[in-house]
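Presented below is the structure to which this report refers.
Just so you know, these numbers use all the heavy atoms, side chains as well, and skip hydrogens, waters and symmetry mates. In listed order, ligands and their atoms are each counted from 1.
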Amino acid sequence: MFKNLKEKIDKSFNILKENKITEINVSVVLKEIGKALIDSDVNHEIVIKFIKKIKKKSIGKKVLKSLNPKQLIIKFVYDELVKLMGGKKIDLNLSKNPSIILICGLQGSGKTSFSSKLSFFLKKKGYYPLLVAADVYRPAAIDQLNSLANKINVPVFYLKNNKNVLDIVNQSIIYSKNKNRNIIIIDTAGRLAIDDFMMKEISEISKNINPSETLFIVDSMIGQDAINSAKLFLKTLNIDGLVLTKLDGDNKGGVAITISNIVKKPIKFISNGEKIDNIEIFHPDRMANRILGMGDVISFVEKVQEQFDEKIAKNIHRKILKNKFNFYDLLDQINRIKKIGNIKNIISMIPGINKNFFDNDNKMSFEKIESIILSMTSYEKKNPEVFYSETGISRKNRISKGSGRSFNEIDKLLKQFNNMNKMIKKINVNSNKSIIEDFLSKINKK
Ligand code: GDP
């Protein structure tokens with residue numbers, strides 16, 4: 001569904017070739033992304049706000065040395081998309097016994113299909129659902145629900161010769177208690193357009209049974225009209241969530257991106273096919289990932305941002321100023337880099353680090369640095385200056401034996417550690433430089 005959008009966004013990011021974020025290059029990229037969103041049927045005003053927010057975040061932002069501007073802007077776009085689609089997934093409220101789920105929406109939106117899909121989904125999770133056929137106006141509706149439910153072995157409650165919807169619903173609740181069913185899914189009648197009759201009927205059911213969840217089913221194929229129908233519906237009845245159906249079609253996807261922001265209700269499920277298991281809980285983050293298709297870059301940026309947190313950088317800077325930065329701190333920094341992932345795989349994404357760093361035996365790898373530090377005593381780790389006292393040489397000899405590294409390598413590490421301390425004292429920590437990256441690249445130049 002998002003194929004076109006994804007391709008266009010992909011192209012826009014390629015504009016960011018420079019190593020710096022400037023007002024001009026960000027504006028060009030964001031303009032292209034904006035066009036792509038509008039082409040995908042995303043509301044114009046929303047696109048303008050969206051672009052403004054990313055621009056504000058990006059301009060003047062110093063890029064962490066481990067990242068490049070393209071990666072950072074991808075992450076910003078991703079974050080805003082996630083926010084736009086509701087931020088986080090919202091679960092169904094199924095705390096009551098029985099929990100009643102009222103399904104409503106326009107005719108043909110996919111209510112009956114979704115009701116059976118949801119019952120199957122919940123059955124697999126260990127619930128005991130009961131489907132209720134409350135569409136008394138379309139004779140085929142009861143048969144359709146019965147035939148779908150038969151395939152998945154979920155009981156259906158219906159009253160053949162009774163067209164009183166409130167009767168049906170009330171009796172279904174008694175039935176569910178007798179049959180130990182803990183979820184009741186009520187498939188209500190839809191109409192071609194939202195009208196007083198439909199709203200009155202649903203409002204009466206809702207008042208009568210006080211459902212745990214009222215879900216409004218939205219056919220994503222009908223584009224912006226889907227959003228308008230949801231808005232109209234909400235004028236009369238409070239809903240707990242939206243369900244987007246037919247997301248497998250070749251519609252442009254704009255509804256999925258914007259509806260929850262416009263109507264201020266979360267999307268709880270999506271349906272993406274006619275099969276009984278074509279149903280998914282809606283996760284805004286996964287959807288944003290699908291749209292951008294850059295999961296690797298996004299998780300990489302997240303990890304880098306997490307590990308090179310500005311607060312941590314400032315804390316290290318403070319320690320260095322006070323001559324308190326020691327080998328424990330260095331080990332901690334190395335572990336942070338290691339947590340970013342398989343360095344060999346991601347090394348090409350890091351502009352600051354020499355690409356041969358890990359393959360060349362002459363270079364100092366994390367493992368070598370770690371083995372040297374781990375062979376130090378706790379006192380030595382906390383007090384690096386002892387290596388410059390008269391016991392320094394014997395300490396280095398001992399560490400060399402313990403770590404299996406040469407005396408020269410230990411010397412090189414200590415020298416660099418010392419230089420790093422001196423150098424970092426001069427750096428303004430707000431430049432957000434990763435201290436360890438600088439340190440490592442210096443070691444490798446020697
Ligand atoms: P209702 O009138 O709201 O109950 O709608 P139905 O459940 O009868 O669905 C209307 C049509 O849409 C049926 O032909 C369904 O098979 C089809 N449908 C429902 N959900 C989806 C979906 O996610 N993808 C596709 N491709 N078709 C769907």
Should D219 be listed as contacting ligand 1, given a heavy-atom distance under 4.0 Å as the test? no
Honestly, for L106 the part within reach of ligand 1 (heavy atoms, under 4.0 Å) is backbone
Minimum heavy-atom distance between I257 and M85, given as atom pair plus value: O-CG, 3.5 Å
Would you please classify the geometry between the F121 ring and the F269 ring as parallel, tilted or perpendicular, with 30° and 60° separating the classes? perpendicular
Could you tell me, atom by atom, which parts of ligand 1 come under 4.0 Å of a heavy atom of G108? 1 (P), 2 (O), 3 (O), 5 (O), 10 (C)
Which residue and non-hydrogen atom of the protein lie closest to atom 23 (O) of ligand 1, and at what distance in Å? S271 OG, 2.5 Å
Looking only at distances, please establish whether an N/O atom of ligand 1 is found under 3.5 Å from an N/O atom of L247. no
Counting heavy atoms under 4.0 Å, the part of I217 that contacts ligand 1 is neither
Count the heavy atoms belonging to other residues, nucleotides or ligands that lie under 6.0 Å from NZ of K11, then report whether that count exceeds 12. no
State, to 0.1 Å, how close S260 and L84 come at their nearest heavy-atom pair, and which atoms those are. OG-O, 3.8 Å
Nearest non-hydrogen protein atom, atom 27 (N) of ligand 1: E274 CG, 3.3 Å
Run through L92, D187, V154, L131 and flag the one making a side-chain contact (heavy atoms from CB on, under 4.5 Å) with L118. L92
Please verify whether a non-hydrogen atom of D248 lies at under 4.0 Å from ligand 1. yes
Nearest-neighbour protein heavy atom for atom 22 (C) of ligand 1, which is reported as residue plus atom name and distance: G273 O, 3.3 Å
F325 vs F417 aromatic rings, parallel, tilted or perpendicular, using cut-offs 30° and 60°? parallel
Can you tell me the protein heavy atom closest to atom 8 (O) of ligand 1 and the distance? Q144 NE2, 2.9 Å
Tell me if the centroids of the rings in Y158 and Y175 come within less than 6.0 Å of each other. no
Nearest-option assignment for atom 28 (C) of ligand 1, heavy atoms, candidates K117, M221, K246, K275: K246
Polar contacts were defined as any N/O atom of the residue lying under 3.5 Å from an N/O atom of the ligand; does this apply to G110 and ligand 1? yes
Report the member of S113, G105, G190, C104 with the shortest heavy-atom distance to atom 7 (O) of ligand 1. S113
Which heavy atom in I270 sits nearest to a heavy atom in R290, and how many Å separate them? CD1-NH1, 4.3 Å
Check this for me - ligand 1, Q107, N or O atoms closer than 3.5 angstrom, yes or no? no
Salt-bridged, K89 to D91, with N to O below 4.0 Å? yes
